[in-house]
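I have a structure here, written as structure tokens, and I will follow up with some questions on it.
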2 protein chains.
Amino acid sequence: MKPINIGLMGVGTVGGGTATVLKRNAEEISRRAGREIRLFMAANRDLARAREVVGDGVPLVDDAFQVVNHPEVDIVVELIGGDTIAKELVLKAIDNGKHVVTANKKLLAMHGNEIFARAQEKGVMVAFEAAVAGGIPIIKALREGLSANRIEWLAGIINGTSNFILSEMREKGADFGDVLKEAQALGYAEADPTFDVEGHDAGHKLTIMAAIAFGIPMNFDNCYLEGISQLEGKDIQYAEELGYRVKLLGLTRRTAAGVELRVHPTLIPEDQLIANVNGVMNAVLVRGDAIGQALFNGPGAGALPTASAVVADIVDVARLLTSDPEHRVPHLAFQPDQLQNLPILPMGEVVSSYYLRIQAADRAGVMADITRLLAENNISIEALIQKGSATDGSAEIVILTHRVVEKSANKAIAAIEALDSVAGKVVRLRMEELNG
Amino acid sequence: MKPINIGLMGVGTVGGGTATVLKRNAEEISRRAGREIRLFMAANRDLARAREVVGDGVPLVDDAFQVVNHPEVDIVVELIGGDTIAKELVLKAIDNGKHVVTANKKLLAMHGNEIFARAQEKGVMVAFEAAVAGGIPIIKALREGLSANRIEWLAGIINGTSNFILSEMREKGADFGDVLKEAQALGYAEADPTFDVEGHDAGHKLTIMAAIAFGIPMNFDNCYLEGISQLEGKDIQYAEELGYRVKLLGLTRRTAAGVELRVHPTLIPEDQLIANVNGVMNAVLVRGDAIGQALFNGPGAGALPTASAVVADIVDVARLLTSDPEHRVPHLAFQPDQLQNLPILPMGEVVSSYYLRIQAADRAGVMADITRLLAENNISIEALIQKGSATDGSAEIVILTHRVVEKSANKAIAAIEALDSVAGKVVRLRMEELNG
């Protein structure tokens, strides 16, 4: 059978990994795919760097439009990133009738609806396993492996940088700022870490998974984002004393009122396997009505793990290249005319339990005031620790609450903060048992 | 589009679960598959029981051949089990040009080569996600999700009964016999538990995964099987003191000399996520050259989890129903003409490290004799504990060794057992770091 020609756009970390895997495992891959898959051409702004990576024998161009416009390219692999030039290139490739493989989570979370509609219209495939959780085949699991299920919720540790920082904070009892510097030195965090540590990256990935899990359009604009930069080491320690680990979790859940779509630091019981996923590893826990719970764990980033997903997508597309569109797996798991525009639940309507840390004057009546305010907002207490007074005569009160709607928690917190005997803001973290 | 007609054979636990999922999630499933998938007819020896499960409106027969011979059945679902009548039915279905979905690990591990060859010849699909690790989509992960990788090894907790027993033995410090009774009372173990606790079931599943991972034929006859019935509670406790958990692991690894294919109780470092998979849960850890390590965890048995895999296969087959065979995923991941007949390594050639427990007289020179015999066989010691003498004046010596080829370990063990000062057999468990 005729070889499949790959046009690679972007020869950075993942692009380089993809070239390596295609070359190193060429024989293994063609034994699986039934035909040769070859790197036909590559585009990169820095041609010298790209030449080092792809070696001789692969034509290089510095204008990626030459790739999407080349008549002999069968599959365009977009590893440039971002949603400006990458979007133009992907749409042009689709218009040219080429199949696309991409690792670009931002592009899909922001413009996926437009891109998939165009791909559907043109009868081409856009594959994106590498966009979520690196090498872990979670898109395939959600879209195909769990297709018998009504997915109820999923929760993921889907940002390796944040998970590395949280793991180190716990192990070393260190604060965010110190560990961030270490992560930057190790190359696990960017010079500007905002995108990772403030939850944007996790939000993009969560948006994509929610679409596939529930059959809804991409809805990143309504995704609640709260990062880890405000976390203090002592909250991670108190959580541990109470039997919990703190993870930056992306969580999406189907409820009668709408879909929860939220990224925030979360207390998880330490006996949950996902609570023990440490360092730069990723994991996604899926709850379906038939399977119960399944956990998918592996490296969420890096050249070769991400290339593993890119090349698996290439093999998938190669296998289905000549099939008619109606027999392919739909981009968003559900048939395009079967997507449902479910509302995304505002954060105030989400039901959760909470970890609260309150800095209070160590005097009679404080505890009575706090517990009264919680009770007035229908919040019941699961656990409470009063931490020994600090030298300044103030005490730390740590409370775990039972489940309550977030707007009630907000009201109670505001009232507690307004007490004369309470200093500063109440620290509030959400808790998830993940046992539903 | 025309609905897909399912012919279900066997309405037991998994068959009942399959009927339930197809009915309950009919809308969700057809939103994904793009067409209705309906239970068209079912066969069961006990018609009354089957009627209770499938409800009215589904024609029932007591002769499964009526299902495989019915002209309107598109996909035959074989949930009878075993390799006698089930084999006849599957081959007949294939001959009749029907696609087959099965959960029958024994059938495939023993007769998969014949069945897949026949299916290839007739141009039909035989899907078997449910045959391994229940609802976990591990077949799909190995065959498609990790298709970019040269798979190096995989290790699985793939028998829930054994894992439940081992988890309870550890938690309660109990012995095998007592926990087995508990497992039987809970319905987690059969009245005759041999198939589960002696490793046959795990061996079937491992054989199937090895074929897909490496592109080799099914080779169950050469799979090494050692179960958990001889395990003593104290070895689990000593292992824990040394930082390990004991799991019944199915392990297959590609080496230069051949493929390791073995099921046996195994010490795993407790900081490995898979070491913390407890109760009836299953997990498979896969090592590929691109992805590194990925772990897949979930329920390995039960009506609905297994039905999750059966119905996912049905959706897959429905999507590819009209595609030509060369564009489908090959049964064993690699194209049929690309399978390699790699030799299975005899157990004596496998390299491993060992946990040894030796009952010795508590007198001078014993330790010197033992360590000399180990040294003579090129076995170096990683850790050694001498347990306080028992009342009879004997001592227990627990040794962790470094890696050595099994035939050398066997020689050393035989020589140690021949010492006058050593009583009874040496207890030997294999250790795997799983960090390669």
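Note: hydrogens, waters and symmetry copies are ignored here, and every other heavy atom, side chains too, is used. The chains referred to below are lettered A, B, ... by the order of the sequence lines, with proteins before strands, and numbering in each begins at 1.
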Return the option, out of Ile37(A), Leu146(A), Ile136(A), Asn278(A), with the maximum number of heavy-atom pairs under 4.5 Å with chain B.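 Ranked by heavy-atom pairs under 4.5 Å with chain B, first place is Leu146(A).
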
By a 4.5 Å heavy-atom criterion (distance strictly below it), what part of Ala309(B) contacts chain A: side chain, backbone, both, or neither?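 Ala309(B) has no heavy atom closer than 4.5 Å to chain A.
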
By a 4.5 Å heavy-atom criterion (distance strictly below it), what part of Asp316(B) contacts chain A: side chain, backbone, both, or neither?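 For Asp316(B), the contact with chain A is made by the side chain alone.
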
With a 4.5 angstrom heavy-atom cut-off, is it the side chain or the backbone of Glu129(B) that approaches chain A, or both, or neither?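 Neither part; nothing is under 4.5 Å.
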
For Leu273(B), is it the side chain, the backbone, both or neither that has a heavy atom under 4.5 Å from a heavy atom of chain A?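 Contact with chain A involves both backbone and side-chain atoms of Leu273(B).
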
Is chain A contacted by the side chain of Asn276(B), its backbone, both, or neither, given a heavy-atom distance below 4.5 Å?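 Both backbone and side chain of Asn276(B) come within 4.5 Å of chain A.
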
Under a 4.5 Å heavy-atom cut-off, does chain A meet the side chain of Asp289(B), its backbone, both or neither?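 Contact with chain A: backbone and side chain both.
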
Exercise: identify the closest heavy-atom pair between Gln293(A) and Met281(B):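 Taking Gln293(A) first and Met281(B) second, the nearest heavy atoms are O-CE, 4.2 Å.
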
Closest contact, heavy atoms only, Ala312(A) versus Gly145(B):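 Nearest heavy atoms, Ala312(A) then Gly145(B): CB-O, 3.4 Å.
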
Heavy-atom contacts under 4.5 Å, residues 329-342 of chain A to chain B: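 Near chain B, by residue number: Val329(A), Pro330(A), Ala333(A), Phe334(A), Gln335(A), Gln338(A), Leu339(A), Gln340(A).
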
Go through the atoms of Pro305(B) and report whether side chain, backbone, both or neither lie under 4.5 Å from a heavy atom of chain A.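 Both parts, backbone and side chain.
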
Between the side chains of Glu28(A) and Arg254(B), is the shortest nitrogen-to-carboxylate-oxygen separation below 4.0 Å, so that they form an ion pair?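 Salt bridge: yes.
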
Please flag which part of Arg24(B) lies under 4.5 Å from any non-hydrogen atom of chain A: side chain, backbone, both or neither.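 It is the side chain, since no backbone atom gets that close.
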
